[in-house]
Amino acid sequence: MATDGNETGINTRLAHSGNNPHDYFGFVNPPIVHASTVLYPNASVMAARSQKYTYGTRGTPTTDALAHAIDALEGSAGTIIVPSGLAAVTVPSLAFLSAGDHILIVDSVYHPTRNFADTMLKRLGVEVEYYDPHAGAGIASLIKPNTKVVFTESPASNTFEVQDVPAIAKAAHETGAIVMMDNTWATPLYFRPLDHGVDISIHAATKYPAGHSDVLLGTVSANANCWKQLCETFYTMGCCAGPDDVYQVLRGLRTMGVRLDHHQKSALSIATWLEGQPGVARVLHPALPSHPDHAVWKRDFSGSSGIFSIVLKGGGQRQQHAFLDALKIFGLGYSWGGYESLAVPVFLGDRTVAKGPYDGPLIRLQIGLEDVEDLKADILRGLEAAAAA
Ligand SMILES: Cc1ncc(COP(=O)(O)O)c(C=O)c1O
């Protein structure tokens with residue numbers, strides 16, 4: 001019997017949430033329903049649309065299985081599933097913002113979120129303002145009568161500042177603004193945004209839930225107050241995901257707990273080791289006691305995932321590129337959360353507040369499932385190349 005409650009341990013929930021095998025002849029996994037048309041038994045049911053499934057864009061047994069599994073993890077009233085993590089940012093923003101509204105976005109946000117705000121939201125007449133990731137309760141001084149949304153992402157993209165989400169949520173709610181959070185880094189396993197006052201929790205399920213660098217998907221989970229408006233916008237926009245991708249992410253969820261545990265341990269071991277390496281000025285990983293926001297992270301999060309950044313000791317783009325070009329196991333590629341290690345140069349030129357200064361160029365590392373000693377040897381190749389550049 002499938003369980004959707006949170007009375008069980010997290011790996012039990014990951015293994016059994018979402019679908020009840022006995023709803024589908026006992027097969028353990030739900031069917032992959034490819035659907036546009038849904039037939040109705042007669043004209044009156046059709047006119048009233050009084051059956052569970054009505055059209056492919058409005059949900060299928062496959063999307064329901066994933067949405068219910070995510071609800072069980074997030075503690076949410078409902079979840080929509082969209083074709084990418086970026087769509088998981090844009091759809092709720094369009095659901096809750098209108099011309100003349102004001103949105104506060106953390107300055108260290110994922111760059112395409114910023115691009116969406118600076119182009120489409122501004123064109124639609126939304127006032128966009130960026131705030132310091134360390135604003136905390138001080139966000140109150142930025143909230144205006146027309147502030148409708150406070151957008152958080154914690155830890156920050158690439159620089160890993162940790163936001164005081166409960167304090168931000170408290171301040172936002174005092175004036176009726178809603179709080180959205182891109183929670184991709186922690187997954188609901190290590191941080192449950194709705195338990196900390198967030199109204200809308202956003203995930204690029206492309207990352208850890210999918211886990212294999214072959215699927216794009218996003219999920220957006222809402223509390224009871226926001227669910228109706230989110231869901232109506234989702235139906236209005238027709239922004240539904242393909243069933244094969246939805247299925248792959250549900251499949252990925254089953255093993256996400258054990259994969260994340262491995263990512264966490266390997267990333268922490270490498271991050272700790274990197275702190276002692278000549279050529280490294282700083283390691284930006286919130287689970288390290290040296291991280292300036294470690295106390296907030298420890299207070300709110302129950303684990304850490306596999307992505308963090310390093311700051312090289314001095315140098316510039318030449319040293320950064322030399323490091324990257326020397327790597328043999330780490331691939332140079334965007335995205336993260338898959339089984340393989342990746343490295344990217346960090347660009348902070350879009351930031352207005354959270355831009356350093358740093359002692360040297362930044363490199364973001366996604367620690368995959370490979371053996372730690374092999375990854376360390378690869379990073380050493382990079383550090384040696386940077387030192388020689
Ligand atoms: C924090 C964060 N949010 C959202 C996304 C967007 O996800 P997707 O690649 O599925 O569009 C990414 C992708 O890198 C990300 O890092």
Side-chain angles (χ1 to χ4, degrees), residues 66 70 74 79-94 105-120 130 133 151-163 165 180-191 193 198 200-221 237 239-242 244-246 248-249 252-253 256 260 263 267 284-286 301 304-309 331-338 340-348 350-351 354 362-368:
L66 179 59
I70 301 284
E74 292 275 349
T79 292
I80 61 166
I81 300 167
V82 292
S84 69
L86 184 54
V89 170
T90 61
V91 172
S93 302
L94 294 172
I105 303 178
V106 65
D107 190 47
S108 47
V109 77
Y110 172 60
H111 176 75
T113 299
R114 183 182 208 107
N115 181 52
F116 163 72
D118 287 347
T119 56
M120 193 170 289
Y130 295 94
F151 195 98
T152 64
E153 182 183 329
S154 184
S157 264
N158 297 331
T159 46
F160 301 93
E161 293 91 341
V162 183
Q163 295 192 249
V165 171
M180 299 186 186
M181 176 168 180
D182 185 331
N183 187 40
T184 303
W185 183 86
T187 83
L189 270 56
Y190 296 155
F191 186 80
V198 170
I200 303 270
S201 172
I202 290 165
H203 286 276
T206 306
K207 318 300 181 201
Y208 294 113
H212 294 74
S213 304
D214 52 0
V215 176
L216 288 161
L217 207 81
T219 64
V220 190
S221 304
M237 292 181 70
C239 199
C240 56
D244 295 302
D245 292 341
V246 173
Q248 289 296 351
V249 169
L253 271 192
M256 187 169 80
L260 259 180
H263 285 291
L284 309 178
H285 187 315
F301 288 71
S304 59
S305 62
I307 182 169
F308 64 91
S309 289
L332 307 189
Y334 292 101
S335 203
W336 43 282
E340 83 292 18
S341 292
L342 297 169
V344 296
V346 171
F347 170 74
L348 297 176
D350 60 338
R351 305 271 177 102
L362 274 70
I363 291 162
R364 191 187 76 188
L365 299 173
Q366 123 88 9
I367 305 301

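Atoms within each ligand, like the ligands themselves, are counted from 1 in listed order.
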Ligand-protein N/O pairs under 3.5 Å (ligand 1):
{"from": "ligand 1", "atom 1": "3 (N)", "to": "D182", "atom 2": "OD2", "distance (Å)": "2.6"}
{"from": "ligand 1", "atom 1": "9 (O)", "to": "K207", "atom 2": "NZ", "distance (Å)": "3.3"}
{"from": "ligand 1", "atom 1": "10 (O)", "to": "G85", "atom 2": "N", "distance (Å)": "2.7"}
{"from": "ligand 1", "atom 1": "10 (O)", "to": "T206", "atom 2": "OG1", "distance (Å)": "2.5"}
{"from": "ligand 1", "atom 1": "11 (O)", "to": "G85", "atom 2": "N", "distance (Å)": "3.2"}
{"from": "ligand 1", "atom 1": "11 (O)", "to": "L86", "atom 2": "N", "distance (Å)": "2.9"}
{"from": "ligand 1", "atom 1": "14 (O)", "to": "K207", "atom 2": "NZ", "distance (Å)": "2.8"}
{"from": "ligand 1", "atom 1": "16 (O)", "to": "W336", "atom 2": "NE1", "distance (Å)": "3.0"}

>> Could you work out, with ring-ring contact (aromatic ring centres under 6.0 Å, His included) as the rule, every residue matching H111, not counting sequence neighbours?
In response: none

> Which of these, S108, P286, S154, sits in a side chain to side chain contact (heavy atoms under 4.5 Å, CB included) with E161?
Replying inline: S108

> Is it the case that D350 and Y130 place a side-chain donor and acceptor less than 3.5 Å from each other?
Replying inline: no

> Between H285 and F308, how do the two ring planes meet: parallel, tilted or perpendicular, split at 30° and 60°?
Replying inline: tilted

> Does the ring centre of Y208 sit less than 6.0 Å away from the ring centre of W185?
Replying inline: no

> Does the side chain of Q248 pick up a donor-acceptor pair with the side chain of H212 at under 3.5 Å?
Replying inline: no

